[in-house]
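Just below is one structure, and these are the notes that go with it.
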Amino acid sequence: MDGTREKKDIVEKEFVAFPDVAADVINVLLYQGEEVVMADSLWPGPTETVYESEERLKNQFEDLCRYRFADGVIQLMYLIANQSRTDGKMLLRKAGYTGGIYREQYEGKAKDTYPVIEFVLYWGLPRWRSGRSIRQLFGKKSLLDKEWEYIDNLELHVFEMRYLPKETRELFRSDMRIVVDYLAEGERYRSERKIVHKAALIKMIKALSGESDTDGVENWLKEQEIGEEDEITVCELFDQYERKGRREGIERGEASRLVRDVENAMRFFQVTLERACEGLGTTVHGYEQARQICGSKQEAAI
């Protein structure tokens, strides 16, 4: 997995892992908005299961695992997978995840026995065309009708987060409402909703917009004296962050012009860096700072 994709996966995983967001996602997507699951009733579970392959033990990971407890007993396990690309064989992966958990229950590694619900949050742009059931996956096989009767029709529950209908989006109560509305409406999206998880929300939107650089968000919030406990609306936060982007764009443009002018003067007039900077009314230190801002990797010809 490349670094950009890995960073995006981490951002998605961290955002959905907030208890209020996880409970909200479960309630809206599985229970059509009914408040069946409370944030404080969900407990983190293991995201790793182990299986044996070629006489070796291997592990496999799920993005998010949550137990639903009642009276000290596990009632249900939810497995949530974040997916950025379509995967025609993901159904087989699901069989491995859920099968591993049921195997642990069978072997007595778990105190209780409980059912498992796994579903996929698909964040990609192309629509999910891959098979969502065993019969779709193996539909081209030449099997008799009698044979199909004995094949369990395992299903993959996929929610295309960019294409949720408006009536579904309006059921979200957490910051997930902001994310799905932004994905549906794009740059024109504005709202007076208050944000709870500010840094995580900015990172999530940046990652889903195709930006690989999600670092520095926390530092920017500190510079703006915005704390996680402070009340701020989508419009207020977005406007401040957009102004930051415009300022940085202007700074990069000015820095790029300075670097270009200095290096052109050195090349055309065959002068040293010091003379070129002097002639353009700047300093060597100013030139070096400009190179750092614009990320120039060219070596000055002295």
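Predicted, not measured: the structure shown is a model, and the values here were computed from it.
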Salt bridge or not between [X] and [Y]? Use side-chain N to carboxylate O under 4.0 Å.
X: Glu218; Y: Lys203; value: yes
X: Asp9; Y: Lys13; value: no
X: Arg193; Y: Glu236; value: no
X: Arg173; Y: Asp24; value: no

**Asked** If you link I, L, V, M, F, W and Y whenever their side-chain heavy atoms are under 4.5 Å apart, who else ends up in the same group as Met38?
**Response** none
**Item:** Worked verdict on Lys111 versus Glu104 for salt bridge (Lys or Arg N to Asp or Glu O under 4.0 Å)
**Value:** CA-CA 10 Å; Lys111 185 179 73 171; Glu104 289 181 349; over 6 Å; no
**Message:** For Tyr163 and Arg127, which I'm curious about, is there any donor-acceptor pair between the side chains at under 3.5 Å?
**Reply:** no
**Item:** Donor-acceptor side-chain pairing of Tyr78 and Glu118 below 3.5 angstrom
**Value:**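 Distance-only check fails for Tyr78 and Glu118.
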Just wondering, are more than 12 heavy atoms of other shown residues or ligands nearer than 6.0 Å to [atom1] in [X]?
X: Arg103; atom1: CZ; result: no
X: Arg275; atom1: CZ; result: no
X: Asp152; atom1: CG; result: no
X: Glu167; atom1: CD; result: yes

**Prompt:** Stepwise, does the side-chain contact (heavy atoms from CB on, under 4.5 Å) test hold for Trp123 with Gln83?
**Reply:** CA-CA 6 Å; Trp123 300 101; Gln83 190 73 13; over 6 Å; no
**Message:** Could you walk me through whether Trp128 and Phe159 satisfy the side-chain contact (heavy atoms from CB on, under 4.5 Å) test, starting with their C-alpha distance in whole Å, then the side-chain angles of each, then the deciding distance to 0.1 Å, before giving a yes or no?
**Reply:** CA-CA 9 Å; Trp128 187 281; Phe159 296 95; over 6 Å; no
**Message:** Run the side-chain contact (heavy atoms from CB on, under 4.5 Å) test on Val36 and Arg68 for me, step by step, so that the C-alpha distance in whole Å, both residues' side-chain angles and the decisive distance to 0.1 Å come before the verdict.
**Reply:** CA-CA 10 Å; Val36 173; Arg68 192 179 81 198; 3.7 Å; yes
Any donor-acceptor N/O pair, [X] side chain to [Y] backbone, under 3.5 Å:
X: Asn27; Y: Glu35; value: no
X: Asn153; Y: Arg135; value: yes
X: Lys94; Y: Glu155; value: yes

**Asked** Hey, would you say the Tyr114 and Tyr67 ring centroids sit under 6.0 Å apart?
**Response** yes
**Message:** Once you measure the plane-to-plane angle for His197 and Phe18, does it fall in the parallel (<30°), tilted (30-60°) or perpendicular (>60°) bin?
**Reply:** parallel
**Full working for side-chain contact (heavy atoms from CB on, under 4.5 Å) between Met161 and Leu29** = CA-CA 10 Å; Met161 302 303 285; Leu29 299 182; 4.3 Å; yes
